[in-house]
Amino acid sequence: MRIAVTGSIATDHLMTFPGRFAEQILPDQLAHVSLSFLVDTLDIRHGGVAANIAYGLGLLGRRPVLVGAVGKDFDGYGQLLRAAGVDTDSVRVSDRQHTARFMCTTDEDGNQLASFYAGAMAEARDIDLGETAGRPGGLDLVLVGADDPEAMVRHTRVCRELGLRRAADPSQQLARLEGDSVRELVDGAELLFTNAYERALLLSKTGWSEQEVLARVGTWITTLGAKGCRIDTADRPGIESAAVPATDAADPTGGGDAFRAGFLAALASGLEVVDAARAGAVMATFALETVGPQSYEVTRDGVHERLVATYGPEAAVIAPALFDGAP
């Protein structure tokens, strides 16, 4: 299965605050918030949701096609992605803008405050996904991730016109998107990814009930952090799948993206959705145990051990399938 991942490509500036945001926020002063946090650490890492997902798929030997817009400062970043097994030939390089920047501060409870500067990402709307689909090998599945809003809608329409299977993953852009756009992104998607908060926001933005969403998508995957995830389809009750416990959680940034990489790679291997959720969970845990969304590594034996320890002997089939074709 040839998978294209569209969405943001960015540089992450990750900071840690040795306290709790909640203790600094006064409920009666929310109309006049002016806060500055003295942070203990700063890590500058490569990120962006599309690049993070593509990185995870690359580690599993899937040779994903990355689709997004970057600046001329992308050269070194692009080399690292290619070394990880990512096809960057469909990345647009702007001659005017810098690559996008994500700035995030995490407190000791894992809560995050973040800002995102789009930069070159605004030019993603000029990318013709049809050209990528027309390259040798074609495309079997397109994940439409958080990106320039116009680009997300355009990619969705191209998928519909070309009959390409599609996964909708609006994530952080749900706050920016209007209801009509969210409905267009969701309608007809084979897969829909959200976290718990995004699930509620999506329902609010679309005006649809959960059953109305499920009537329009194949499978709705909702990540629940340390509680694992929930898998919903229209024709059966929801299934909950546990997370793989982290031995030492270092940084939550990119955990959800790693989950998506594992989930998609498992589906590409022919595994059922429950096993795909477990594959996603183990990838997320490896990411959580490492600072930065593209710093973790995985091995067949390491994945196998964590899966069997969490889910029992029945999970032994996942790692061989997940790494099928990987170097």
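Below, each value reflects all heavy atoms present in this structure, side chains not excepted, and no hydrogens, waters or symmetry copies. The shown structure was predicted, so the numbers you read here are calculated from the model rather than taken from an experiment.
- Within a 6.0 Å radius of CZ in Arg160, other residues, nucleotides and ligands contribute more than 12 heavy atoms.
- Counting only N and O atoms by type, the side chains of Asp235 and Thr233 include a donor and acceptor under 3.5 Å apart.
- To the nearest 0.5 Å, the span separating CZ on Phe74 from CD on Gln79 amounts to 10.0 Å.
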request  = Would you check, one step at a time, whether the test side-chain hydrogen bond (donor to acceptor under 3.5 Å, both in side chains) holds for Arg62 with Ser269?
outcome  = CA-CA 10 Å; Arg62 299 297 157 179; Ser269 299; 2.8 Å; yes
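- Ion pairing between Lys227 and Glu240 fails under the 4.0 Å rule for side-chain N and carboxylate O.
- Contact of the Asp95 side chain with the Lys72 side chain is registered, since non-hydrogen atoms from C-beta on lie closer than 4.5 Å.
- Checked options Arg82, Arg63, Arg135; the residue passing with Asp87 is Arg135 (criterion: side chain to side chain donor-acceptor pair (under 3.5 Å)).
- Residue His98 qualifies as open at atom NE2: its count of foreign heavy atoms under 6.0 Å is 12 or below.
- For the atom pair CE of Met15 and CZ of Phe37, the computed distance is 11.5 Å after rounding to the nearest 0.5 Å.
- From Cys104, atom SG reaches atom CG of Asp43 across 11.5 Å, with rounding to the nearest 0.5 Å.
- Nearest heavy-atom pair across Ala242 and Ala281 is O-CB, 4.2 Å.
- Taking 4.5 Å as the limit, some side-chain heavy atom of Glu210 sits within range of a side-chain heavy atom of Arg199.
- In this structure, CG on Asn52 lies 5.0 Å from CD on Gln294, to the nearest 0.5 angstrom.
- Asp147 approaches Ala124 most closely through the heavy-atom pair OD1-CB, 3.4 Å.
- Atom CG of residue Leu143 and atom SG of residue Cys159 lie 9.5 Å apart, to the nearest 0.5 angstrom.
- One hydrophobic cluster, built from ILVMFWY side chains closer than 4.5 Å, holds both Val70 and Leu66.
- Under the 4.5 Å side-chain heavy-atom criterion for ILVMFWY residues, a single connected hydrophobic cluster contains both Val65 and Leu164.
- A donor-acceptor pair under 3.5 Å is absent between the side-chain atoms of Thr16 and the main chain of Leu42, judged by distance alone.
- Between the Lys205 side chain and the Leu177 main chain, a donor and an acceptor come within less than 3.5 Å of each other.
- The minimum heavy-atom distance linking Gly188 with Arg166 is given by the pair C-NH2, 3.4 Å.
- If you chain together hydrophobic residues whose side chains sit under 4.5 Å apart, Leu307 and Leu60 fall into the same group.
- Remark: Thr206 engages no residue in a side-chain hydrogen bond (donor to acceptor under 3.5 Å, both in side chains) (not counting sequence neighbours).
- Proximity of Tyr55 to Leu80: side-chain heavy atoms (C-beta onward) are nowhere separated by under 4.5 Å.
- Remark: side-chain polar atoms of Ser90 are not paired, donor with acceptor, to backbone N or O of Thr132 under 3.5 angstrom.
- Judged by distance alone, with hydrogens and angles left aside, the side-chain atoms of Asp107 form a donor-acceptor pair with the main-chain N or O of Asp109 at under 3.5 Å.
- Judged by distance alone, with hydrogens and angles left aside, the side-chain atoms of Ser204 form no donor-acceptor pair with the main-chain N or O of Ala200 at under 3.5 Å.
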message = Quick one, Val142 with Val158, criterion side-chain contact (heavy atoms from CB on, under 4.5 Å). Give me CA distance, side-chain angles, the key distance, then yes/no.
response = CA-CA 10 Å; Val142 177; Val158 171; over 6 Å; no
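- Side-chain contact, Gln112 with Thr253: a donor N or O sits under 3.5 Å from an acceptor N or O.
- Once rounded to the nearest 0.5 Å, the distance linking OG1 of Thr194 with CG of Leu224 reads 8.5 Å.
- Shortest non-hydrogen contact noted between Ser241 and Arg278 is OG-CG, 3.9 Å.
- Between the side chain of Arg2 and the backbone N or O of Ala133 there is no donor-acceptor pair closer than 3.5 Å.
- For the 3.5 Å distance criterion, the side chains of Thr11 and Thr99 fail to qualify, holding no donor opposite an acceptor.
- Scanning all heavy atoms of the two residues, the minimum distance from Gly47 to Asp12 falls at CA-OD2, 3.5 Å.
- Using cut-offs of 30° and 60° for the angle between ring planes, the His46 and Tyr77 rings count as parallel.
- Within the 4.5 Å cutoff, side-chain heavy atoms of Arg260 are placed close to those of Thr223.
- The closest donor-acceptor contact from the side chain of Glu123 to the backbone of Ala120 lies at 3.5 Å or more, if one exists at all.
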key: Steps toward side-chain contact (heavy atoms from CB on, under 4.5 Å) verdict (Leu59, Tyr296)   = CA-CA 9 Å; Leu59 292 184; Tyr296 67 99; 3.6 Å; yes
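- The closest side-chain heavy-atom distance from Ile53 to Asp169 is below 4.5 Å.
- Using modelled atom types, no side-chain atom of Glu190 and backbone atom of Gly218 make a donor-acceptor pair closer than 3.5 Å.
- A donor-acceptor pair under 3.5 Å is absent between the side-chain atoms of Thr88 and the main chain of Val91, judged by distance alone.
- With sequence neighbours left out, the side-chain hydrogen bond (donor to acceptor under 3.5 Å, both in side chains) criterion links Glu289 to Thr247, Arg306.
- In terms of the side-chain hydrogen bond (donor to acceptor under 3.5 Å, both in side chains) criterion, residue partners of Glu150 (sequence neighbours excluded) are, by chain and number, Arg125.
- Between Arg101 and Asp73 there is a salt bridge, since at least one side-chain N of the basic residue sits less than 4.0 Å from a carboxylate O of the acidic one.
- Residues Pro64 and Gly85 come closest through the heavy atom pair CD-O, 3.5 Å.
- By the neighbour-count criterion of 12 heavy atoms within 6.0 Å, atom CG of Leu38 is sparsely surrounded, having that number or fewer from other residues, nucleotides or ligands.
- Counting heavy atoms from C-beta outward, Val182 and Leu174 have side chains that approach closer than 4.5 Å.
- Remark: side-chain polar atoms of Tyr117 are not paired, donor with acceptor, to backbone N or O of Met103 under 3.5 angstrom.
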